[in-house]
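Following: one structure in structure tokens, then a few remarks.
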Amino acid sequence: MSEVRIRPRQVLVLIIVFLVVLMMVHRNGKRTCQGPDYLQAMYAQQQADTLPTIYAITPTYYRPAQKAELTRLSHLFMLLPHLHWIIVEDSNTTTSLVKNLLQRAGLEKRSTQLNIKTPPEFKLQGKDPNWIKPRGVEQRNLALSWLRSHVDVDRHSIVFFMDDDNSYSTELFAEMSKIQRGRVGVWPVGLVGGLMVEKPILNEDGTKVTGFNAAWRPERPFPIDMAAFAISMDLFIRNPQAIFSYEVQRGYQESEILRHLTTRDQLQPLANACRDVLVWHTRTEKTKLTAEAALQKQNKHSDAGMEV
């Protein structure tokens with residue numbers, strides 16, 4: 001009997017087809033299989049039209065791993081029907097790579113593709129460490145400008161700054177959906193700031209943030225990572241001055257945006273009273289392409305005619 005081999009691409013296609021069918025079944029109200037309770041609850045809210053839209057803002061730029069990073073994130077959007085993806089490219093034009101990715105994921109109607117170039121003086125150069133200059137400032141501000149012009153202010157919605165190299169649990173977005181109007185939700189982030197986890201510290205009944213356990217620059221007004229919070233959209237409408245800035249100290253971008261919108265005692269703790277880690281500050285290792293560089297010296301490319 002001949003051996004049947006299933007290629008990884010075939011497995012991926014089968015998984016995507018299964019997820020699409022599962023979503024269609026949920027939308028029709030006829031569940032044939034059970035998922036986590038929080039997903040079932042989200043689908044029920046979606047059907048009742050009570051689930052707030054989450055606008056996930058992702059600054060991105062070209063590098064060898066860009067498509068892989070965005071593909072990984074796109075699977076979250078396939079599962080979660082209330083996410084709207086705002087991808088802002090650091091480029092002079094929007095690219096076919098991002099457009100094709102959104103089309104293949106079936107997200108054209110639940111995404112917005114924007115572009116704006118980072119000024120040269122604020123762009124990382126050569127072997128600069130990624131922390132030496134603020135990143136994503138132009139891109140996040142453009143997304144906020146788009147939101148202020150396009151959202152329905154009468155409907156509750158939420159804004160989340162979703163970097164493309166982090167790892168996110170679907171449960172995080174269920175927690176985000178609990179953010180109340182006029183509030184900023186907060187939760188722990190794993191593998192960041194030199195710690196296994198950075199987290200808000202709460203009062204005895206778990207309803208108020210009294211501090212943070214940050215080890216790096218704990219004196220910051222909000223010593224948390226960009227992945228540690230999401231914001232009710234009405235706060236951005238009421239506070240048009242809330243934008244990101246190049247004129248802040250290293251590590252103060254989070255504090256810069258939050259200082260216009262909230263105070264520590266107004267933060268809304270989520271993720272099981274900040275006991276659950278649902279997002280991790282991961283980074284992809286820089287791609288090693290020494291063999292590719294050797295090919296290019298011969299005017300050859302391993303990806304000739306392909307989009308990788």
Side-chain angles (χ1 to χ4, degrees), residues 6-13 15-16 56-78 85-105 107 111 113-140 143 160-170 172 189-194 196 225-227 250-251 253 279-308:
I6 299 177
R7 297 179 180 176
R9 182 179 177 83
Q10 292 174 313
V11 174
L12 178 59
V13 170
I15 291 172
I16 292 174
I57 296 172
T58 301
T60 188
Y61 64 97
Y62 175 75
R63 72 272 194 198
Q66 182 187 26
K67 186 177 179 181
E69 304 270 36
L70 294 176
T71 297
R72 176 166 47 83
L73 289 193
S74 72
H75 296 164
L76 285 168
F77 289 80
M78 293 179 195
W85 202 0
I86 304 178
I87 299 183
V88 193
E89 299 182 73
D90 188 348
S91 61
N92 291 320
T93 61
T94 57
T95 66
S96 59
L97 183 148
V98 172
K99 181 180 179 181
N100 292 341
L101 184 143
L102 292 171
Q103 288 178 340
R104 294 186 73 163
L107 297 174
S111 63
Q113 186 181 1
L114 304 173
N115 67 282
I116 188 169
K117 190 78 173 172
T118 298
E121 63 269 27
F122 295 110
K123 193 78 175 171
L124 292 174
Q125 303 295 325
K127 296 183 178 180
D128 285 349
N130 58 18
W131 48 261
I132 200 169
K133 294 177 182 177
R135 296 185 297 162
V137 172
E138 298 286 341
Q139 292 73 35
R140 293 187 183 108
F160 178 52
F161 300 104
M162 186 181 193
D163 288 350
D164 60 5
D165 54 355
N166 287 343
S167 299
Y168 306 90
S169 165
T170 53
L172 176 67
V189 177
L191 311 179
V192 68
M196 282 296 292
D225 187 72
M226 198 71 72
R250 173 190 167 200
Q253 286 297 331
V279 55
W280 297 262
H281 193 272
T282 49
R283 287 198 181 101
T284 302
E285 181 179 336
K286 187 172 181 180
T287 312
K288 297 177 182 178
L289 296 171
T290 51
E292 189 70 32
L295 270 181
Q296 290 175 4
K297 290 179 180 178
Q298 305 172 44
N299 292 321
K300 298 178 181 178
H301 301 268
S302 69
D303 59 340
M306 302 173 68
E307 184 185 270
V308 180

Among Glu69, Gln66, Arg63, the one residue meeting side-chain hydrogen bond (donor to acceptor under 3.5 Å, both in side chains) with Thr284: Glu69
Shortest non-hydrogen contact between [X] and [Y], atoms and distance:
| X | Y | result |
| --- | --- | --- |
| Ser169 | Leu76 | C-CD2, 4.5 Å |
| Ser91 | Thr95 | OG-CG2, 4.4 Å |
| Pro59 | Asp163 | CD-OD1, 4.1 Å |
| Glu307 | Asn100 | OE1-ND2, 3.2 Å |
| Leu114 | Ala143 | CD1-CA, 4.3 Å |
| Thr282 | Ser167 | OG1-OG, 2.9 Å |

Look at the side chain of [X] and the backbone N and O of [Y], then say whether any donor-acceptor pair between them is shorter than 3.5 Å.
| X | Y | answer |
| --- | --- | --- |
| Ser74 | Leu102 | no |
| Gln139 | Glu89 | no |
| Gln113 | Thr94 | no |
| Asp225 | Ala227 | yes |
| Arg72 | Asn166 | yes |

Nearest 0.5 angstrom please: [X] [atom1] to [Y] [atom2], how far?
| X | Y | atom1 | atom2 | value |
| --- | --- | --- | --- | --- |
| Phe160 | Met226 | CZ | CE | 10.0 Å |
| Met162 | Phe77 | CE | CZ | 4.5 Å |
| Leu101 | Thr71 | CG | OG1 | 4.5 Å |
| Asn115 | Ile87 | CG | CD1 | 12.5 Å |

Validation row: Leu70, Trp85 side chains within 4.5 angstrom (heavy atoms): yes
Heavy-atom side-chain proximity of Ile86 to Val88 below 4.5 angstrom: yes
Modelled atom types, side-chain donor and acceptor of Asp164 and Thr58, under 3.5 Å: no
Residues Arg135, Asp90: salt bridge by 4.0 Å N-O rule: no
Lys117, NZ atom: more than 12 neighbouring heavy atoms under 6.0 Å: yes
